[in-house]
Participant: 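Structure in structure tokens, see below.
Atoms within a ligand are numbered from 1 in the order they appear, just like the ligands themselves. Side-chain atoms are counted along with the backbone in the values below, which use heavy atoms only and exclude waters and symmetry mates.
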Amino acid sequence: MPRIADNLARIRDRIAAAAERSGREPESVKLVAVTKSASARAARELAAAGCFDLGEGRPQDLWSKQAALADLPIRWHLIGHLQRNKVERTLPLVFLIHSVDSLRLMQAIDAAAESLGRQVPVLLEVNISGDAAKHGFSPQEMPERLAEAAECRHVQIRGLMAMAGLEGDATSARRDFRNLRELRDRLGGLPEGARLDELSMGMSGDFEAAIEEGATFVRIGSALFEGIDAG
Ligand SMILES: *Cc1c(COP(=O)(O)O)cnc(C)c1O
């Protein structure tokens, strides 16, 4: 039986190799282990193996995993769509929201952060492939949305997040990742305090290409749990 610790070590090696191939420090790429299809017990094993950055796609699942692992120093990442009525409950639990996909959501986060007396770091999700089914800002609207975001003084914009297109192959995934980096590189006129240092892109099937194109966060689920009993 493969063990989670072995899978984790193998993924970390592949991350480091992809970073080195592209002339980057391995530490410049952070792994978010996506536990959405894993049990709390499996997530606990990941932490025992030294992985404390865990990601969930649905706010409700983040709440319940967080409660189950509350004794551990986990940094929780929300990587899926956040409904505005779930902002208040989610903010105190989360280290980084990767998936801010509308100005109205940003404003809701801003208001909740203000009442908590906090600053909340976020990434803006971009629908880089243009899939109709995907959440995210279009690349074209980004300059305008960033300008409007200047009013959200309790939200700290730290970068961009995207997924490769649903229909695409490896070549088109790499092109999507490159497009996200190039969009980041040409977005100027950021609101005060905003930075776009972080690029959250790459999943089990395409994270090496994402790293070669500049990912600073990769979000990996299934490859970590391959061969692991789901219970
Ligand atoms: C599920 C999910 C991942 C992880 O996908 P795997 O293919 O299991 O590695 C990454 N990012 C997002 C947004 C996801 O929903």
Participant: How far is atom 10 (C) of ligand 1 from its nearest protein heavy atom, and which residue and atom is that?
Facilitator: M203 SD, 3.3 Å
Participant: Show me which atoms of ligand 1 lie under 4.0 Å from any heavy atom of S204.
Facilitator: 6 (P), 7 (O), 8 (O), 9 (O)
Participant: Provide, to 0.1 Å, the distance between atom 8 (O) of ligand 1 and the closest protein heavy atom, together with that atom's residue and name.
Facilitator: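 Ranking protein heavy atoms by distance from atom 8 (O) of ligand 1, first comes S222 N, 2.8 Å.
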Participant: Are L196 and M201 grouped together when hydrophobic residues (ILVMFWY) are joined by side-chain heavy atoms under 4.5 angstrom apart?
Facilitator: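 Yes, it is one cluster - the side chains of L196 and M201 are joined through contacts under 4.5 Å.
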Participant: Can you find an N or O of G221 that's nearer than 3.5 Å to an N or O of ligand 1?
Facilitator: yes
Participant: Hey, are K30 and E198 close enough for a salt bridge, meaning a charged N less than 4.0 Å from a carboxylate O?
Facilitator: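 Salt bridge between K30 and E198, a charged N being under 4.0 Å from a carboxylate O: yes.
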Participant: Under 4.0 Å between a side-chain nitrogen and a carboxylate oxygen: does that hold for R178 and E213?
Facilitator: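 The answer is yes: the pair qualifies as a salt bridge.
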Participant: N127 and H135: side-chain donor and acceptor closer than 3.5 Å?
Facilitator: no
Participant: Which protein heavy atom lies closest to atom 11 (N) of ligand 1, and at what distance to 0.1 Å?
Facilitator: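 For this ligand atom, the closest protein heavy atom is R219 NE, 2.9 Å.
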Participant: Verify, without hydrogens or angle tests, whether R24 (side chain) and I211 (backbone) share a donor-acceptor contact under 3.5 angstrom.
Facilitator: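 The answer is yes, because a donor-acceptor pair under 3.5 Å joins these two groups.
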Participant: Closest non-hydrogen protein atom to atom 12 (C) of ligand 1, residue and atom name please, with distance?
Facilitator: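 For atom 12 (C) of ligand 1, the nearest protein heavy atom comes out as I79 CD1, 3.5 Å.
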Participant: Give the residue, atom name and distance (to 0.1 Å) of the protein heavy atom nearest atom 2 (C) of ligand 1.
Facilitator: K36 NZ, 2.6 Å
Participant: If only atom types and distance count, is the side chain of N7 paired as donor or acceptor with the main-chain N or O of L224 below 3.5 Å?
Facilitator: yes
Participant: Please identify which atoms of ligand 1 are closer than 4.0 Å to at least one heavy atom of I220.
Facilitator: 9 (O)
